[in-house]
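Please read all numbers here as calculations on a predicted model, not as lab measurements. Counting from 1, the numbers follow the sequence of the chain as shown.
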Amino acid sequence: LGDLRNHGHSPHAHSMRYVHMVSDLVRFLDAHHIERAVVLGHSMGGKVAMTFALLHPDRVADLIVADIDPIDYTGNERWT
């Protein structure tokens, strides 16, 4: 079980781009010899999990995303 960069006991890094965090996840899975995984992401971790599933669908056994939507949160949305 791992935390995202800059969270918990994980290493700290300047970049918080989703693709960089996906690369962290790939390295974690490779280091633990995990070919496919059930990927769970909450909030920002959900965005990372969705990005991982899009970029590495062959490595995802199941995807669980909690408390986040697959939309762009740029601040330009109109809430009605």
Side-chain angles (χ1 to χ4, degrees):
L1 181 63
D3 290 317
L4 293 176
R5 57 175 56 197
N6 303 329
H7 290 79
H9 296 289
S10 291
H12 287 246
H14 178 70
S15 173
M16 290 294 290
R17 294 188 63 200
Y18 294 124
V19 293
H20 294 155
M21 290 185 275
V22 166
S23 294
D24 294 343
L25 179 55
V26 169
R27 279 192 297 279
F28 176 87
L29 294 174
D30 289 347
H32 290 86
H33 308 287
I34 301 169
E35 291 297 318
R36 294 183 79 221
V38 175
V39 181
L40 168 87
H42 173 262
S43 192
M44 183 177 66
K47 292 282 194 173
V48 175
M50 289 184 277
T51 304
F52 178 80
L54 287 171
L55 296 176
H56 303 279
D58 55 317
R59 300 204 64 177
V60 179
D62 277 307
L63 177 64
I64 304 165
V65 177
D67 198 30
I68 197 79
D69 290 322
I71 63 172
D72 181 15
Y73 290 96
T74 60
N76 296 325
E77 298 87 15
R78 298 188 82 169
W79 301 97
T80 58

Value rounded to 0.5 Å, distance of CE in Met16 from NE2 in His14: 11.0 Å
Side-chain donor or acceptor of His7 paired with backbone N/O of Arg5 under 3.5 Å: yes
Any donor-acceptor pair under 3.5 Å from Asn6 side chain to Ala13 backbone: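 Such a contact is found between Asn6 side chain and Ala13 backbone.
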Validation row: [X], [Y] side chains within 4.5 angstrom (heavy atoms):
| X | Y | value |
| --- | --- | --- |
| Ile64 | Val38 | yes |
| Asp3 | Phe28 | no |
| Leu4 | Met44 | yes |
| Asp62 | Val39 | no |
| Met21 | Ser15 | no |
| Arg59 | Val26 | yes |

Arg36, CZ: over 12 other non-hydrogen atoms inside 6.0 angstrom: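 Yes, the 6.0 Å shell around CZ holds more than 12 heavy atoms from other groups.
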Minimum heavy-atom distance Val65-Ile68, with the two atoms named: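 Smallest interatomic distance, heavy atoms only, reads CG1-CG2, 3.3 Å.
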Closest approach of Ala53 to Val60 (non-hydrogen atoms, all atoms of both residues): CA-CG2, 3.8 Å
Hphob cluster co-occupancy, Leu40 + Met50, side-chain heavy atoms under 4.5 angstrom: no
Stepwise salt bridge (Lys or Arg N to Asp or Glu O under 4.0 Å) check, Asp24 with Arg27: CA-CA 5 Å; Asp24 294 343; Arg27 279 192 297 279; 2.5 Å; yes
